[in-house]
Amino acid sequence: MGSRANFLALDLGAESGRGIIGSISDDKLELDVLHRFPNGPSRICGSLYWDVLRLFDHMKQSLTQTVKSGIDLSGIGIDTWGVDYGLLGNTDVLLGNPYHYRDSRTNGMMEEVFRHVSSEEIFETTGLQFMQFNTLYQLYAMSLEKSPLLELAEVMLPIPNLFSYWFSGVKAAEFTHVSTSQCYDPRAKTWAFELMKKLGLPTRILPEIVSPGTVLGPILPDVAEETGANDVPVIATASHDTASAVVAAPIDGQNCAYISSGTWSLMGVETSEPVINENARKHNFTNEGGVQGTFRFLTNIMGLWLVQESRRTWAKEGEELSYEGITRLASAAEPFKSIVDTKDPSFLAPGDMPERIHRFCASTGQEVPETKGEIARTALESLALTYRQTIEALEELTGRSIDAIHIVGGGCQNKLLCQFAADATGRKVVVGPIEATAAGNVLVQAMAVGLISSLEDARRIVRNSFILEEFVPQDRTGWDKAYERFLTISKSKS
């Protein structure tokens, strides 16, 4: 691996997007951010949408900047958040802006679906965690509304694969993203056709599923002309951002769990087969696709969303605070004053998060956190306690003894949360890399072109390339009692 190979990772998160150059040589990976751009929902007439045309324009700008920098690319790969999709109609025109997963139209949709197909049957078929914004419930909401867009649609493309189509002209859905939809059967390794037919959902719109690391083809001539790029291949990387992040989690054994930490905390273990049984359903765990035949047995946790949305609320009120500043306030606040159930649906939608935390604490008979530091500390401590609950469930469901947790992604930068995670769980926490999603995106592209042969090699490159920080349990005073309170509160709200 002496020669240098460069790849463009187009990495889109719920808050921002990045065009990142990943360069691999001598068993090391270097990342260079060329272009950053904002992301977030657009509210139109009460509904939330993604502005995908603007996002695609920024992605092309990333490619243009790569060309202007004189970088010769071996591939382009795209990853995004899960579950959302675009619909293409006749002549492959986009039928409206794709909905944002936090849009309220899916409120109550799970219950509507369960009137026709039981939750037990859905989990037995898909092995996926129940969340109201899963693709299955989004499509069912469109069906109940008798949406003309669903009638006109000829193909449904997951968001990253919609962008891949606009780059390459190839309509295909990549496995790791498809596996987040609750429209996929991991045992049959295909779309859950019978489930969708029972719900009256159109199966004609389901595209071919391809594996992560599939070379789709060269960029289209019009994209090449606009950006100045040559015939660089577009690669279906691990296009669900968590799948890419887990590729770059430097786990080295079955006794490790991972957390892809950001707006969401995706916490789980890597398995060779899906874990589909009644106990997994009751714990609301999910089986999502990974790379090279692996599965991500995990659960979605609300993550740093509570802090992010609180910060937005405070900014609207006229006080702009950095995340570092909020963390300092949290560190100085009184420990364990209040606890919230981070999985409570009241926290899902955008809005006044501090007020929602106030209401939750009041409704559970707790002291209400008042200061910004108290609110942030409540969110962070509650998140760490959720990690402990999840670790215990993972050990029960897999029969493994987990003694280390790898945290990757943007949440790595919150050192207070990392220490809370170690203290709450009593496990060693290994932190890094921060840009895990982009790193995993690049590494899967490198697998696609034969530069890397295995997932183990990819993780060895990660360990060679990034400084990893360790947090060990320190002052665990109060955490056990706080955990007992947390379990009582979670049970009372379930």
I want to know whether [X] and [Y] have ring centres closer than 6.0 Å.
| X | Y | result |
| --- | --- | --- |
| Tyr85 | Tyr99 | no |
| His358 | Phe360 | no |
| Phe130 | Phe114 | yes |

Quiz prompt | Check against side chain to side chain donor-acceptor pair (under 3.5 Å), Ser338 and Glu374 | solution = CA-CA 8 Å; Ser338 308; Glu374 289 172 348; over 6 Å; no
Roughly how far, to the nearest 0.5 Å, is the [atom2] atom of [Y] from the [atom1] atom of [X]?
| X | Y | atom1 | atom2 | answer |
| --- | --- | --- | --- | --- |
| Arg311 | Lys372 | CZ | NZ | 13.0 Å |
| Ser465 | Ile24 | OG | CD1 | 8.5 Å |
| Leu162 | Asp84 | CG | CG | 11.5 Å |
| Lys337 | Cys361 | NZ | SG | 9.5 Å |
| Thr126 | Leu136 | OG1 | CG | 8.0 Å |
| Ile405 | Thr425 | CD1 | OG1 | 3.5 Å |

Salt bridge [X]-[Y], side-chain N to carboxylate O under 4.0 Å:
| X | Y | value |
| --- | --- | --- |
| Lys491 | Asp341 | no |
| Arg485 | Glu367 | no |
| Arg312 | Glu320 | no |
| Arg281 | Glu278 | yes |

Take a 6.0 Å sphere around [atom1] of [X] and say whether it holds more than 12 heavy atoms from other residues, nucleotides or ligands.
| X | atom1 | result |
| --- | --- | --- |
| Lys282 | NZ | no |
| Glu30 | CD | no |
| Lys428 | NZ | no |

Practice problem: Given side-chain contact (heavy atoms from CB on, under 4.5 Å), test Gln138 with Tyr101 step by step and report yes or no. | Solution: CA-CA 8 Å; Gln138 294 197 43; Tyr101 61 83; 4.2 Å; yes
Practice problem: Just do the salt bridge (Lys or Arg N to Asp or Glu O under 4.0 Å) check on Glu112 and Arg115 with the steps written out, would you? | Solution: CA-CA 5 Å; Glu112 286 293 326; Arg115 291 174 55 209; 2.8 Å; yes
Identify the two heavy atoms, one from [X] and one from [Y], that lie closest to each other, and give their separation to 0.1 Å.
| X | Y | value |
| --- | --- | --- |
| Gly351 | Thr313 | O-OG1, 3.3 Å |
| Pro250 | Val408 | CD-CG1, 4.4 Å |
| Leu12 | Phe163 | CD2-CE1, 3.8 Å |
| Tyr387 | Leu417 | OH-CD2, 3.9 Å |
| Gly268 | Leu394 | CA-CD1, 3.8 Å |
| Ser23 | Asn6 | OG-OD1, 2.7 Å |

Quiz item: Can you check ring-ring contact (aromatic ring centres under 6.0 Å, His included) on Trp264 and Phe133, steps first, answer last?
Solution: CA-CA 14 Å; Trp264 292 90; Phe133 49 65; 5.6 Å; yes
Can a donor-acceptor pair be found, under 3.5 Å and without considering hydrogens, that links the side chain of [X] to the backbone of [Y]?
| X | Y | value |
| --- | --- | --- |
| Gln129 | Asn300 | yes |
| His177 | Trp81 | yes |
| Asp241 | Asp79 | no |
| Arg296 | Gly289 | yes |
| Arg102 | Leu348 | yes |
| Gln445 | Leu8 | yes |
| Glu395 | Glu392 | no |
| Arg476 | Asp423 | yes |
| Ser310 | Met353 | no |
| Thr237 | Asn441 | yes |

Quiz item: How far apart are the C-alpha atoms of Thr342 and Thr386, what are their side-chain angles, what is the distance that settles it, and do they pass the side chain to side chain donor-acceptor pair (under 3.5 Å) test?
Solution: CA-CA 7 Å; Thr342 59; Thr386 308; 2.9 Å; yes
Practice problem: Given salt bridge (Lys or Arg N to Asp or Glu O under 4.0 Å), test Asp27 with Arg460 step by step and report yes or no. | Solution: CA-CA 8 Å; Asp27 271 356; Arg460 176 175 48 78; 2.6 Å; yes
Quiz item: Once the angle between the rings of Phe486 and Tyr483 is folded into 0 to 90°, is it parallel (under 30°), tilted (30 to 60°) or perpendicular (over 60°)?
Solution: parallel
Practice problem: Just do the salt bridge (Lys or Arg N to Asp or Glu O under 4.0 Å) check on Glu270 and Arg459 with the steps written out, would you? | Solution: CA-CA 13 Å; Glu270 198 167 65; Arg459 287 173 176 155; 2.8 Å; yes
Quiz item: Side chains of Glu273 and Thr271: do they bring a donor and an acceptor to under 3.5 Å?
Solution: no
Quiz item: Do Asp103 and Arg43 pass the salt bridge (Lys or Arg N to Asp or Glu O under 4.0 Å) test, and can you show the C-alpha distance, the side-chain angles, and the key distance before you say yes or no?
Solution: CA-CA 9 Å; Asp103 182 71; Arg43 189 181 294 275; over 6 Å; no
Practice problem: Quick one: do Asp185 and Trp191 satisfy side chain to side chain donor-acceptor pair (under 3.5 Å)? Show the steps, please. | Solution: CA-CA 6 Å; Asp185 184 336; Trp191 294 103; over 6 Å; no
Exercise. Please step through side chain to side chain donor-acceptor pair (under 3.5 Å) for the pair Arg18 and Ser16, ending with a clear verdict.
Key: CA-CA 7 Å; Arg18 295 159 293 278; Ser16 64; 2.9 Å; yes
Quiz item: Going through the distances and angles, do Trp479 and Phe336 end up as a ring-ring contact (aromatic ring centres under 6.0 Å, His included)?
Solution: CA-CA 8 Å; Trp479 282 102; Phe336 309 120; 4.8 Å; yes
